[in-house]
Amino acid sequence: MMISQTMCDKLNGQIKLEFSAAYQYLSMACTFDTMGLKILSQLFNQQYAEEREHALKILGYVQEVGGSVKLEAVPKPCGDYKSVQAIVEAALESEFEVTRAIGGLMDAAIAEKDHATQSFLKWFVDEQVEEVSSMSDLLTLVKLAGDNVLQVESRVRHQMMTQA
Ligand code: MG
């Protein structure tokens, strides 16, 4: 194995965290759908797919360096949100949590002088800047719109169309 067992365990922990984030986004997407907010539902479904990709990317790396993948139980997502803002706040908090975890992994890779894992994690460090930034922007938009949630929907739809 090209990485330490400690690093391998930590990466397995991150796989679980990314799948947990994915599962939470999927749950939020379903809540938006129930609320009739199809665009936000679509956006959060995209986030779900992205988080799953992150998990699979780490899984692939663990295999590539000769480690064993150990999948753990993913916690039940919180399904009890009172407002759109509460959902977006929870999503932002989750992105901060993932960012801290990636930072912790990078610290460990640096401490171990594990250059391969540092190089691998760099993409995730950059990705988290983007994730936190876009979720912060969405929260700002939701707060600005207040009760007019449909305005959020039309803004997000416009953004999704121009990004595609
Ligand atoms: Mg992620």
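Indexing begins at 1, ligand by ligand and atom by atom, following the structure's order.
Put simply, the side chain of L40 reaches to within 4.5 Å of the side chain of L138, judged on heavy atoms.
Between F120 and Y61, the ring planes are parallel. Angles under 30° get that label, and only those over 60° would be called perpendicular.
Within the structure, side-chain hydrogen bond (donor to acceptor under 3.5 Å, both in side chains) pairs that include any residue of residues 139-149 comprise N148-Q151 (at least two apart or interchain). Legend: side-chain hydrogen bond (donor to acceptor under 3.5 Å, both in side chains) pairs involving residues 74-83, not counting sequence neighbours, sorted by first then second residue: Q24-Y81.
Counting only protein N, O or S atoms, the number found under 2.8 Å from the Mg ion (ligand 1) is 3.
Between Q14 and E18, the side chains place a donor N or O and an acceptor N or O closer than 3.5 Å (distance only, hydrogens not considered).
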Distance-only donor-acceptor pairs under 3.5 Å for side chains of residues 157-164, two or more places apart:
{"unit_1": "T162", "atom_1": "OG1", "unit_2": "H158", "atom_2": "O", "d": "3.1"}
{"unit_1": "T162", "atom_1": "OG1", "unit_2": "Q159", "atom_2": "O", "d": "3.0"}

